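Just below is one structure, and these are the notes that go with it.
Being a predicted model, the structure only gives us computed values, none of them experimental. In each ligand, atom 1 is the first atom listed, and ligand 1 is the first ligand listed.
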Amino acid sequence: MRTLISAEQIAARVRELGAEITRDYEGRPLVLLCVLKGSFMFAADLARAIDLPLRIEFLGVQSYGDDTKSSGVVQITLDLTRPIEDEDVLIVEDIVDTGLTLDYLRRQLLPRRPRSVKVCTLLHKPGKLARSVDIDYIGFTIDDVFVVGYGLDHAQLHRNLPEVKVLDSGS
Ligand code: IMP
Ligand code: MG
């Protein structure tokens, strides 16, 4: 597998994103919404780069379909533990590909009346957007390749790699 984004590049970008988010929310409390499983590593690093009164929530989602293509059919496997009414929520995603998952998540969250919902994704593959989705913070824009590592998996494997790698077909 070839490295697409090194651990050092990720760390530098996470620091920039954290500083930008810290500035944008101007001291207001923030709910960091970590979308499991893929964004667990990114959310853990991003949280440490944000200097705001911060609460972390986890939302477990599982998408069905074959493993390298999003079906847009999403199931919630773990729900929030607290209401988010009147709170500023930042959804932390590992990757936005077709945008179907993010679209689904927004529709789930909006009836809970948060004060605001923004999105921060580590990776964005703009080539295949099926939904026009607003993404407020993007770590890296990548080509339409299947990547693993730094939380991202293929068949649940490779999430523990410290960098983002391109999965060779056949591996
Ligand atoms: P979307 O609904 O097509 O935007 O895809 C969202 C989900 O598909 C992501 O949260 C990932 O779980 C998965 N996904 C999409 N592309 C990749 C990839 O290149 N590697 C690993 N997972 C991916
Ligand atoms: Mg995901």
So Tyr150 and Asn160, side-chain hydrogen bond (donor to acceptor under 3.5 Å, both in side chains) or not? Walk me through it. CA-CA 6 Å; Tyr150 197 66; Asn160 55 322; over 6 Å; no
Taking the side chain as every heavy atom from C-beta outward, state whether Tyr137 and Lys118 have any atom pair closer than 4.5 Å. yes
Ligand 1 contact by Gly99, heavy-atom criterion under 4.0 angstrom: yes
Would you mind telling me which of Asp136, Val35, Val96 makes a side chain to side chain contact (heavy atoms under 4.5 Å, CB included) with Thr121? Val96
Shortest non-hydrogen contact from Pro114 toward Val89: CB-CG2, 4.0 Å
Heavy-atom gap Leu102 to ligand 1 smaller than 4.0 Å: no
If you count the atoms of ligand 1 from 1 in the order shown, which ones are under 4.0 Å from a heavy atom of Thr98? 1 (P), 2 (O), 3 (O), 4 (O)
Under 4.0 Å, counting heavy atoms only: does Val145 come that close to any atom of ligand 1? yes
So among Arg55, Arg113, Arg115, which one has a side chain to side chain donor-acceptor pair (under 3.5 Å) with Glu87? Arg55
Pick, from Leu36, Thr101, Val61, the option with the minimum heavy-atom distance to atom 2 (O) of ligand 1. Thr101
Interfacing atoms of ligand 1 (cut-off 4.0 Å, heavy-atom, Asp153): 21 (C)
Specify side chain, backbone, both or neither for His154, according to which of its non-hydrogen atoms lie closer than 4.0 Å to ligand 1. neither
Look at atom 20 (N) of ligand 1 and find which of Leu152, Val147, Ile142 reaches it with the closest heavy atom. Val147
Check whether the side chains of Gln156 and Lys37 place a donor and an acceptor atom closer than 3.5 Å, and report yes or no. yes
Kindly confirm or rule out an N or O of Val148 lying under 3.5 angstrom from an N or O of ligand 1. no
Under 4.0 Å from a heavy atom of Glu93: give me the atoms of ligand 1 that qualify, with their elements. 10 (O)
Check: Ser39 side chain, Cys34 main-chain N or O, donor-acceptor pair, under 3.5 Å: no
Under 4.0 angstrom from ligand 1, any heavy atom of Leu123? no
